[in-house]
Amino acid sequence: MSPPRKRKESSAERLVEPGRRESLRTRLLEWYDRQKRDLPWRRTRDPYAIWLSEVMLQQTQVATVIPYWERFLQRFPSVEALAAAPLPDVLALWRGLGYYSRARNLHGAAQEVVARFGGKLPSTAAELLTLPGFGRYTAGAVASIAFGEPAPLVDGNVARVLSRIFEVEGAPGDRAREARLWALATELVHGERPGDFNQALMEHGATVCRPESPLCLLCPVREECLAYRHGRVDELPPARVRAAPKRMTLAVAVWAHEGRLLLARRAEKGLFGGLWELPAAEVDDDTPDTESTSRLAEALGADVTLRGHLGTVRRQLTHRALSLRLLRVTGATHPTHAPAFRELRWCTPDEASSLGMSTAMHKALEAAVSAGALQA
DNA sequence: TAACCGTGGTC
DNA sequence: TGACCAAGGTT
């Protein structure tokens, strides 16, 4: 007979003792019932509205999301309304919220929900995962919060909370760490009120078990927390290592004609995908303006002449340092189609401001106008 | 799998 | 003021 082998990946393996598990669940749920914030998406049971909140909250703070969520639901109150809308209208409501692929995927998923599921969002995490923009987290969040499925989720908050309670080692991105966190979340979520329990974990991470200066004296599960017991709360989890931002320089065409500016809509992938902008072309940092001008001519498919320089707008993203060089240009013929863009349009500054446009380009537009782009 | 994808708040 | 970060997903 061979000796019994230690099984490392059995889903039946118990990570948390039953008594501790029930204690954690009860304390967190009771704390949540007393202390949860009154957030607008906690006042609805509409799966679509809950889905929307989860997508907007990805890598985005609650206070930022609230007004966007309310405007978006007012304009697109149902999956059908969203699915029927043109993508540029959706992006216009998303303007300034960032990570615009979220809006593109949301729109695409709404159309799939109409086509594949009769307009009703599927109710299981497994089905939700087949829709664009649903990863493991969002599928678990919508399945548990909107439909009551005991589906686990791990976001940044949950990862921090569980890392501390169970003293999980490893940095964000470490595979063994992620697997252990998901396994812990899976064990803990089974039971009553899975949606509330998941939200309790996240709420606890957001308000008490914070990244900096956690409020351990107010913590409902302090007695269960290994990091607290061992004085390691401040070192768990270790900070994420971030790559230095890369520089990116864009030559921006400021082409004015009779009070209007030429606007272009970008290709739908990559940075600022599908958004409107003053027509821009990436250049090297040391590219002279004359050469930048010919790059813009190529992108627009039109002859343009450099008329002057209207300044540079700088904008810091998480992983990019953007420089937007505003080049005043003119041309004899006005292009209506361009090889590098989805669409062209001549707009007054007010019209341009209502388009779906990145914050970087919005600042560039304001800078161009105040530098006298529309004056002769 | 590691790089890419935005923004505003916080200290 | 600049570095760090937030209810992640895609390729």
Side-chain angles (χ1 to χ4, degrees), chain A residues 32 36-37 39-42 50-69 91 94-106 108-109 128-146 151-162 171-175 178 181-182 185 195-207 209-213 237-246 248 266-275 277 314-322 356-363:
Chain A
Y32 180 70
K36 69 180 175 188
R37 291 169 291 178
L39 303 177
W41 41 86
R42 289 184 175 154
I50 293 168
W51 169 28
L52 179 66
S53 74
E54 288 302 334
V55 174
M56 286 187 166
L57 284 163
Q58 290 168 9
Q59 301 289 289
T60 308
Q61 296 178 347
V62 165
T64 304
V65 166
I66 291 174
Y68 281 90
W69 184 82
L91 289 171
W94 207 271
R95 173 163 60 100
L97 197 53
Y99 285 135
Y100 299 93
S101 66
R102 294 183 295 174
R104 301 195 300 271
N105 287 332
L106 181 74
L128 291 166
L129 264 176
T130 69
L131 294 167
F134 277 89
R136 209 173 173 186
Y137 164 80
T138 308
V142 174
S144 64
I145 296 169
L153 59 76
V154 176
D155 72 333
N157 288 310
V158 175
R160 181 171 58 257
V161 169
L162 296 182
D174 180 289
R175 289 204 53 172
E178 308 299 332
L181 293 173
W182 277 94
D196 283 345
F197 178 74
N198 280 336
Q199 292 192 82
L201 273 178
M202 294 191 283
E203 186 81 351
H204 178 58
T207 62
C209 196
R210 308 183 300 199
E212 304 294 330
S213 341
R240 176 184 297 276
V241 189
R242 283 177 194 270
K246 295 178 179 173
M248 182 176 187
R266 294 172 66 89
E268 279 174 14
K269 290 199 172 189
L271 186 66
F272 304 139
L275 298 183
E277 65 180 11
R314 296 181 201 286
R315 175 87 185 153
Q316 187 66 46
L317 312 184
T318 296
H319 48 275
R320 292 221 187 249
L322 295 182
M357 188 179 295
S358 68
T359 300
M361 196 55 71
H362 198 82
K363 290 182 185 303

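In what follows, chains carry the letters A, B, and so on, assigned in the order in which the sequence lines appear, proteins first and then strands, with residues in each chain numbered from 1.
Residue contacts shown for A:A243 are absent, as no nucleic acid heavy atom lies under 4.0 Å away. Using a 4.0 Å heavy-atom criterion, one finds that A:N198 contacts no nucleic acid atom at all. Residue A:L317 is classed as a base contact, given a heavy-atom separation below 4.0 Å to a base. Residue A:R37 is classed as a base contact, given a heavy-atom separation below 4.0 Å to a base. Using a 4.0 Å heavy-atom criterion, one finds that A:L322 contacts no nucleic acid atom at all. If you check every strand for non-hydrogen atoms under 4.0 Å, A:W94 touches nothing. Residue A:T359 is in sugar-phosphate contact alone, with no base atom involved, counting any heavy-atom pair closer than 4.0 Å across all strands shown. In this structure, A:K363 reaches neither bases nor backbone, as no heavy-atom distance under 4.0 Å exists between it and the strands shown. Residue-level contact check: A:R314 touches neither bases nor backbone, having no heavy atom under 4.0 Å from any strand. Backbone-only engagement by A:A239 is indicated by non-hydrogen atom pairs under 4.0 Å involving sugar-phosphate atoms exclusively. Residue A:S53 is classed as having no contact, given no heavy-atom separation below 4.0 Å to the nucleic acid. Nucleic acid contact for A:R104: none, since no nucleic acid atom lies under 4.0 Å from a heavy atom of the residue. Heavy atoms of A:R175 sit under 4.0 angstrom from primed sugar atoms or phosphate atoms, though from no base atom. In this structure, A:E212 reaches neither bases nor backbone, as no heavy-atom distance under 4.0 Å exists between it and the strands shown.
Separation of the P atoms belonging to B:dG8 and C:dG9 is 22 Å when rounded to the nearest angstrom.
In this model, the phosphate group of C:dC5 is not approached by any side-chain N or O of A:T318 to a distance below 4.0 Å at OP1 or OP2. Side-chain nitrogen and oxygen atoms of A:K269 include none within less than 4.0 Å of the OP1 or OP2 phosphate oxygen of B:dC4. Taking side-chain N and O atoms only, A:H319 has no distance below 4.0 Å to OP1 or OP2 of B:dG6.
Using a 4.0 Å cut-off between a side-chain N of Lys or Arg and a carboxylate O of Asp or Glu, A:R42 and A:E203 qualify as a salt bridge.
Counting heavy atoms from C-beta on, the side chains of A:V158 and A:L181 never come closer than 4.5 Å.
Separating the NE2 atom in A:H319 from the CG atom in A:L271 is a distance of 7.0 Å, to the nearest 0.5 Å.
Between A:G173 and A:Q61, the one whose closest nucleotide on DNA chain B sits nearer the 5' end is A:G173.
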